[in-house]
Structure formats: C-alpha cells, structure tokens
Amino acid sequence: MNTTITYRKASENDIDYLLDLRTQTMNPHYADSGLPTDRESTLQRILYQFDKANIILLNNEPAGLLKINKAADKTEVLQLQIDPDQQGKGLGRTILTDILKEASTERKTVSLSVLKTNKAQHLYADLGFKIVGEDDHSYFMEFSER
C-alpha cells in the first residue's frame, strides 16, 4: 500500500461523518442479523467508548474509524470501519497488521468481535485470529503469539 495512514482523535465534529460511515459499513450487517439500524441505535454505537475513537486518515483524507482500547495485557479492537470507497484495497489488513506487530512486541493478546454476517471475519482468520467464543450474533476472536 503506497499511501500514508495517520490517525486523529475523533471529535463531536466527526459525528455526521461517523453516522454516514457506520450506516454504509455496518447497518447492512446489523439488518442481516436482525439487530436495530435506526439512527438512535447507530448513534449509540458511535458514542460507545467515544474517547477511544480515531479517524483513519489516508493521505490526510478521512477513510474510516478505528476505536481501540489498549490495556496493560491486552489490546481490544472495539470498532474498525473502512470507508466503502477504500474497502478491498488492503487498508484494513494494513491497520490490523500494525496493531498485531505492536501487540506482539509488547506480548499482548489482541481481541475483537465480529458479527457472524460480516465477511470481515475471513480477514481476521487470515491474520491469525481464532474464535474463542460466540453469542447469537457475534464471534469473539483473539490473536496471541503466546
């Protein structure tokens, strides 16, 4: 990928962008899972741990969202959404690979959850994530080199 990926903290000014991004990237999966897709439910998902939200910038242009929680022993990818115009170009793989490299250096486990209707689960499996649990709608996955 011959581009520059940077991040900036999300702010209230990003809410409209994030609503649009989430509506495009996640609502189809929520609908397929029989989960709510109304504006209020979507907004609540955006605001969940908003202090950990970062706008992904590709050559200084917004290209998605990374919401990540880094603890002493574990890194949790809370939300990763790539703008539909940038999907399929390796951006998500690059971001996750960077997260995995950092976590490996620090001997941390990386965890995430993915809706069972979301094909991103194949990317996660390709990167070495293993399913460690599930509920009605999601798989819980972890990556650990231990």
Side-chain angles (χ1 to χ4, degrees), residues 1 3 5-59 61-71 73-104 106 108-146:
M1 212 176 179
T3 51
I5 302 170
T6 55
Y7 303 89
R8 72 167 167 75
K9 272 292 218 204
S11 73
E12 286 185 24
N13 295 335
D14 296 308
I15 297 291
D16 286 341
Y17 169 74
L18 293 172
L19 269 168
D20 185 54
L21 177 69
R22 189 160 189 97
T23 299
Q24 291 181 64
T25 60
M26 295 303 298
N27 281 6
H29 303 298
Y30 278 95
D32 290 347
S33 298
L35 296 167
T37 58
D38 59 281
R39 188 179 191 283
E40 187 57 34
S41 296
T42 302
L43 184 60
Q44 288 307 310
R45 291 184 188 109
I46 290 167
L47 295 177
Y48 172 75
Q49 295 200 28
F50 191 72
D51 60 313
K52 297 177 176 64
N54 299 282
I55 302 298
I56 300 164
L57 301 171
L58 191 58
N59 299 324
E61 292 296 320
L65 167 76
L66 173 64
K67 202 179 283 187
I68 191 165
N69 184 33
K70 295 180 180 181
D73 62 336
K74 186 178 196 174
T75 297
E76 186 179 7
V77 179
L78 301 169
Q79 295 176 6
L80 174 60
Q81 293 144 30
I82 305 298
D83 189 290
D85 292 340
Q86 298 301 327
Q87 289 179 7
K89 299 178 182 178
L91 180 59
R93 179 180 293 274
T94 299
I95 290 166
L96 286 167
T97 299
D98 289 347
I99 291 168
L100 294 175
K101 282 181 192 167
E102 180 182 308
S104 282
E106 298 172 359
K108 291 183 183 181
T109 298
V110 179
S111 65
L112 55 78
S113 66
V114 60
L115 288 169
K116 292 177 178 179
T117 56
N118 189 334
K119 66 182 181 192
Q121 63 185 282
H122 301 296
L123 167 63
Y124 306 146
D126 285 350
L127 289 170
F129 282 87
K130 306 280 186 240
I131 296 172
V132 295
E134 66 181 282
D135 64 17
D136 289 346
H137 302 289
S138 300
Y139 291 119
F140 304 104
M141 303 180 84
E142 284 187 354
F143 177 93
S144 180
E145 289 193 5
R146 292 181 208 164

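Just the heavy atoms: all of them, side chains too, but no hydrogens, waters or symmetry mates, feed the values below. Given the structure is predicted, the values throughout are model-derived calculations rather than measurements.
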Novice: Any idea which heavy atoms bring Asn54 and Lys52 closest together, and the distance?
Specialist: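 Distance-wise, the nearest heavy atoms are ND2-O, 3.3 Å.
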Novice: Quick one: CE on Met141 to OG on Ser113, what's the gap to the nearest 0.5 Å?
Specialist: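 Going from the CE atom of Met141 to the OG atom of Ser113 covers 10.5 Å.
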Novice: Please round to the nearest 0.5 Å and tell me the distance separating atom CG of Asp83 and atom CG of Leu65.
Specialist: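 Result: 11.5 Å between the selected atoms.
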Novice: Give me the atom names and distance for the closest heavy-atom approach of Ile56 to Gln81.
Specialist: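 Shortest heavy-atom contact: CD1-O, 4.1 Å.
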Novice: Ser144 side chain to Thr109 main-chain N or O, any donor-acceptor pair under 3.5 Å?
Specialist: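 It does not hold such a pair.
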Novice: Could you pull out the closest heavy-atom pair between Asp135 and Lys116, with the gap in Å?
Specialist: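 Answer, listing the atom of Asp135 first, then Lys116: O-NZ, 2.8 Å.
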Novice: Nearest 0.5 angstrom please: Arg39 CZ to Ile46 CD1, how far?
Specialist: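 So the gap between those two atoms works out to 8.0 Å.
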Novice: Does the side-chain contact (heavy atoms from CB on, under 4.5 Å) test come out yes or no for Leu78 and Ile68, once each step is laid out?
Specialist: CA-CA 5 Å; Leu78 301 169; Ile68 191 165; over 6 Å; no
Novice: Measure the shortest side-chain to side-chain distance between Gln87 and Thr25 over non-hydrogen atoms and say whether it is less than 4.5 angstrom.
Specialist: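 With C-beta onward as the side chain, the pair touches.
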Novice: Between Asn118 and Met26, is the side-chain contact (heavy atoms from CB on, under 4.5 Å) condition met? List the steps.
Specialist: CA-CA 8 Å; Asn118 189 334; Met26 295 303 298; 4.3 Å; yes
Novice: Please check this pair: side chain of Gln79 against backbone of Arg45, looking for a donor-acceptor N/O pair closer than 3.5 Å.
Specialist: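 Pair found, side chain donor or acceptor close to backbone of Arg45.
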Novice: Give me the atom names and distance for the closest heavy-atom approach of Ala71 to Lys108.
Specialist: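 It is O-NZ, 2.9 Å.
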Novice: Any side-chain heavy atom of Ile5 sitting closer than 4.5 Å to one from Leu57?
Specialist: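 Heavy-atom side-chain distance check fails, nothing below 4.5 Å.
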Novice: Specify the closest pair of heavy atoms between Phe129 and Val110, including all atoms of both residues, with the distance to one decimal.
Specialist: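 Heavy-atom minimum between the residues: CE2-O, 3.6 Å.
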Novice: Could you tell me the separation between the CD1 atom of Ile15 and the CG atom of Leu47, rounded to the nearest 0.5 Å?
Specialist: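 Rounded to the nearest 0.5 Å, the CD1-CG separation comes to 5.0 Å.
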Novice: Under 4.5 Å between any side-chain heavy atoms of Leu112 and Phe143, yes or no?
Specialist: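 With C-beta onward as the side chain, the pair stays apart.
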Novice: Quick one, Val114 with Tyr124, criterion side-chain contact (heavy atoms from CB on, under 4.5 Å). Give me CA distance, side-chain angles, the key distance, then yes/no.
Specialist: CA-CA 9 Å; Val114 60; Tyr124 306 146; 3.8 Å; yes
Novice: Heavy atoms only: give me the nearest Gly92-Leu80 pair and the separation to one decimal.
Specialist: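 Smallest interatomic distance, heavy atoms only, reads O-CD2, 4.4 Å.
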Novice: Check the pair Ile55 / Tyr17 against side-chain contact (heavy atoms from CB on, under 4.5 Å), numbers first and verdict last.
Specialist: CA-CA 10 Å; Ile55 302 298; Tyr17 169 74; 4.3 Å; yes
Novice: Measuring only between side-chain heavy atoms, which start at C-beta, is Leu115 closer than 4.5 Å to Asp32?
Specialist: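 The answer is no; the side chains never approach within 4.5 Å.
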Novice: Taking atom CD of Gln44 and atom OG1 of Thr42, what is their separation to the nearest 0.5 Å?
Specialist: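 Here the rounded value is 10.0 Å.
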Novice: Is the shortest heavy-atom distance from the side chain of Asp20 to the side chain of Gln24 under 4.5 Å?
Specialist: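 They are in contact (side-chain heavy atoms under 4.5 Å apart), so the answer is yes.
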Novice: Quick one: does Leu66's side chain get under 4.5 Å of Val77's, heavy atoms only?
Specialist: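 With C-beta onward as the side chain, the pair touches.
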Novice: Decide, yes or no, whether a salt bridge links Glu106 with Lys70 under the criterion of side-chain N to carboxylate O below 4.0 Å.
Specialist: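 Looking at Lys70 together with Glu106, the answer is no, because their closest N to O distance does not fall below 4.0 Å.
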Novice: Kindly say whether Arg93 contributes a backbone atom to a donor-acceptor pair with the side chain of Thr97 at under 3.5 angstrom?
Specialist: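 Answer holds: yes.
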Novice: Which of these, Arg8, Lys9, Lys67, Arg22, sits in a salt bridge (charged side-chain N to carboxylate O under 4.0 Å, His left out) with Asp14?
Specialist: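 The salt bridge (charged side-chain N to carboxylate O under 4.0 Å, His left out) with Asp14 is passed solely by Arg8 among Arg8, Lys9, Lys67, Arg22.
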